[in-house]
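Below is one structure, written out as structure tokens, with a few remarks after it.
Side chains included, hydrogens not; waters and symmetry mates left out as well; all remaining heavy atoms used. Note on naming: letters A, B, ... go to the chains in the order of the sequence lines (proteins, then strands), and numbering restarts at 1 for each one.
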Number of protein chains: 2
Amino acid sequence: MGEASERKARLRRLRVEGESTRSAILRAAVSLASVDGLEGLSIGNLAAEVGMSKSGLYAHFGSKEELQLATVEEAARIFDDEVSRPALSAPAGAPQLEALMEAYFEHLERRALGGGCFFSSAAMEMGTRPGPVKEAVAAFGAGLDGLLHGFAASAIEQHQLPPDEDPEQLVFEFNGFILAASASFILSGDPAVLGLARQVVRRRLRRGR
Amino acid sequence: MGEASERKARLRRLRVEGESTRSAILRAAVSLASVDGLEGLSIGNLAAEVGMSKSGLYAHFGSKEELQLATVEEAARIFDDEVSRPALSAPAGAPQLEALMEAYFEHLERRALGGGCFFSSAAMEMGTRPGPVKEAVAAFGAGLDGLLHGFAASAIEQHQLPPDEDPEQLVFEFNGFILAASASFILSGDPAVLGLARQVVRRRLRRGR
DNA sequence: CCTACCGATCGGTAGG
DNA sequence: CCTACCGATCGGTAGG
């Protein structure tokens, strides 16, 4: 079997029924970036991964920056599917906060992207690199903060949390839980750290009860 | 003035009385890595920054990995000087926790390294790259966790925090505060987020009082 | 989507 | 510490 047919076989493996080539490329891009970062994501590596030439990729994305932007979009879609959406199905307030965190911990534990948490890494990596990609990462963060803020405000409103709690402080704390779980899990590779993270979340939501 | 004398002038600027060339190189390396990451730190850029040839750097560090390891060491020394040591001078227990966080927030606000928080970024960046550099970053994290654990245990012992508090959970939470402050500050560039972080820390340490 | 190429930069080495 | 070089890879383009 020649190289060409191997490439096609790999692409077929990556592609699901009815899924576009662009979508298969972006799933691979998110996976590579979850290991090597958004800067470390190279067009050559990505081309090899999906069994395509570099110029084939340039037909889909005109530049590395456009590829990075599309990759951030795809990562946001995955996060919404796997973490945000399940949380929205839980009862309003504290249960949504807990469901979001639980969905996130499972997303981490399952190593859904191959490497670590895409947005934890992207925030640290792109934070010091002004430009459209940083803005896209920041916009995702703002969206997640908004979601958490709504859950927290609702929890206070429904007296699941004391009335003197501050939603903004809660958003900061839950962001911290996400980042600490991500960093700790990625460095240790030990699912036990997620047990500790779950305890922290549970206790935090039972405070003042 | 020729290029050669410009280079020497730059090196002189970077060097303080009695400071070794190696030390000046490493300070520049930490600064560059705080912006571009430990992978993004290139020997060519670093050589230009300190006004030296690439091969001049190879006389000090035999490989990029050795340079990265030395850079992690230097960053740890700076963190210990600016954050850990001041905390150790505070009264034992909760005041040490608060002093460490305050020193960290000031370290961030002052933009002490030029870019963001070296170890927040390094943990996310190297977490997915097995090898000696990741181990060095993990070892620093373990050391900081140990320090926080001691402060937390002491706070509980002295009844500054309730006896049902778990030091390990507190370590996780404070790690989260550090990471959330770092990510938030780097993305927004707004010192106001550190005000929120300070409130969270203060409230957390007054819980159960 | 491909082959074939571009200049720039990467980490690293030879020889002084 | 330097100049001068190595092969590999980077992002990107020409032409089909």
Side-chain angles (χ1 to χ4, degrees), chain A residues 2-15 19-26 28-29 32-33 35-72 125-126 129 131-133, chain B residues 2-15 19-26 28-29 32-33 35-72 125-126 129 131-133:
Chain A
E3 271 189 42
S5 25
E6 274 181 46
R7 283 185 180 177
K8 279 173 195 166
R10 171 133 46 167
L11 191 54
R12 225 175 295 124
R13 238 177 294 132
L14 280 167
R15 283 173 68 173
E19 193 191 28
S20 72
T21 303
R22 182 189 160 95
S23 186
I25 294 168
L26 287 178
L32 287 179
V35 176
D36 296 327
L38 272 166
E39 282 312 301
L41 172 66
S42 91
I43 284 153
N45 279 344
L46 179 57
E49 182 68 26
V50 301
M52 189 179 287
S53 68
K54 277 168 49 179
S55 67
L57 284 185
Y58 276 100
H60 289 272
F61 315 94
S63 67
K64 178 165 183 185
E65 186 172 287
E66 280 184 42
L67 171 64
Q68 289 175 319
L69 287 168
T71 303
V72 170
E125 184 185 10
M126 304 310 294
R129 303 176 192 256
V133 184
Chain B
E3 269 190 44
S5 25
E6 274 181 44
R7 284 186 180 177
K8 278 173 195 165
R10 170 133 44 166
L11 191 54
R12 225 174 294 126
R13 237 177 298 132
L14 280 166
R15 284 172 67 174
E19 193 190 28
S20 71
T21 303
R22 182 188 160 95
S23 186
I25 294 169
L26 287 178
L32 287 180
V35 176
D36 297 326
L38 272 166
E39 281 314 301
L41 172 66
S42 90
I43 285 155
N45 278 345
L46 179 56
E49 183 67 28
V50 300
M52 187 179 290
S53 68
K54 276 168 52 179
S55 67
L57 284 184
Y58 276 101
H60 288 274
F61 315 96
S63 68
K64 178 165 183 184
E65 187 173 286
E66 280 183 41
L67 170 63
Q68 289 176 318
L69 286 169
T71 303
V72 171
E125 184 185 11
M126 303 311 293
R129 303 175 191 255
V133 184

Result for side chain to side chain contact (heavy atoms under 4.5 Å, CB included) between A/Leu67 and one of A/Ile43, A/Leu57, A/Val72 points to A/Ile43

Rounded to whole Å, CG of B/Leu46 lies from P of C/dG11 at a distance of 10 Å

Between CG of A/Asn45 and C1' of C/dC10 the distance, given in whole Å, is 14 Å

Heavy atoms of A/Ala29 and A/Leu46 approach each other most closely as N-CD1, 3.7 Å

Exercise. Base, sugar-phosphate alone, or nothing: which one does B/Leu41 contact when heavy atoms must sit under 4.0 Å apart?
Worked result: sugar-phosphate

#### Entry: Validation row: A/Phe61, A/Gln68 side chains within 4.5 angstrom (heavy atoms)
no

Nearest heavy-atom contact between A/Pro132 and A/Leu69 is O-CD2, 3.6 Å

On a heavy-atom basis, the closest approach of A/Val50 and A/Ala24 is CG1-O, 4.4 Å

Every stem of 3 or more Watson-Crick or G-U pairs under 3.5 Å that DNA chain C joins, in order of first number, is C:1-16 with D:1-16

Rounded to whole Å, CD1 of A/Ile25 lies from P of C/dC1 at a distance of 6 Å

In this structure, OG of A/Ser42 is separated from NZ of A/Lys54 (nearest 0.5 Å) by 8.0 Å

Within residues 54-65 of chain A, those residues having any heavy atom closer than 4.0 Å to DNA chain C are A/Ser55, A/Gly56, A/Ala59, A/His60

Rounded to whole Å, CG of A/Leu69 lies from P of D/dG11 at a distance of 15 Å

Atom CD1 of A/Ile43 and atom P of D/dG12 are separated, to the nearest Å, by 5 Å

A/His60 and A/Gly56 have their tightest heavy-atom pair at CD2-O, 3.4 Å

To the nearest angstrom, the CD-P distance between A/Glu66 and D/dG11 comes to 14 Å

Per atom distances to the B/Ser53 side chain, the nearest of D/dC2, C/dC1, C/dG11 is D/dC2

The single option from B/Lys64, B/Glu125, B/Arg129, B/Glu65 that satisfies side chain to side chain contact (heavy atoms under 4.5 Å, CB included) with B/Leu38 is B/Glu125

Q. Would you say the side chain of A/Thr21 lies within less than 4.5 Å of the side chain of A/Ile25, judging by non-hydrogen atoms?
A. yes

From CE of A/Met52 across to P of C/dT3 the rounded distance in Å is 12 Å

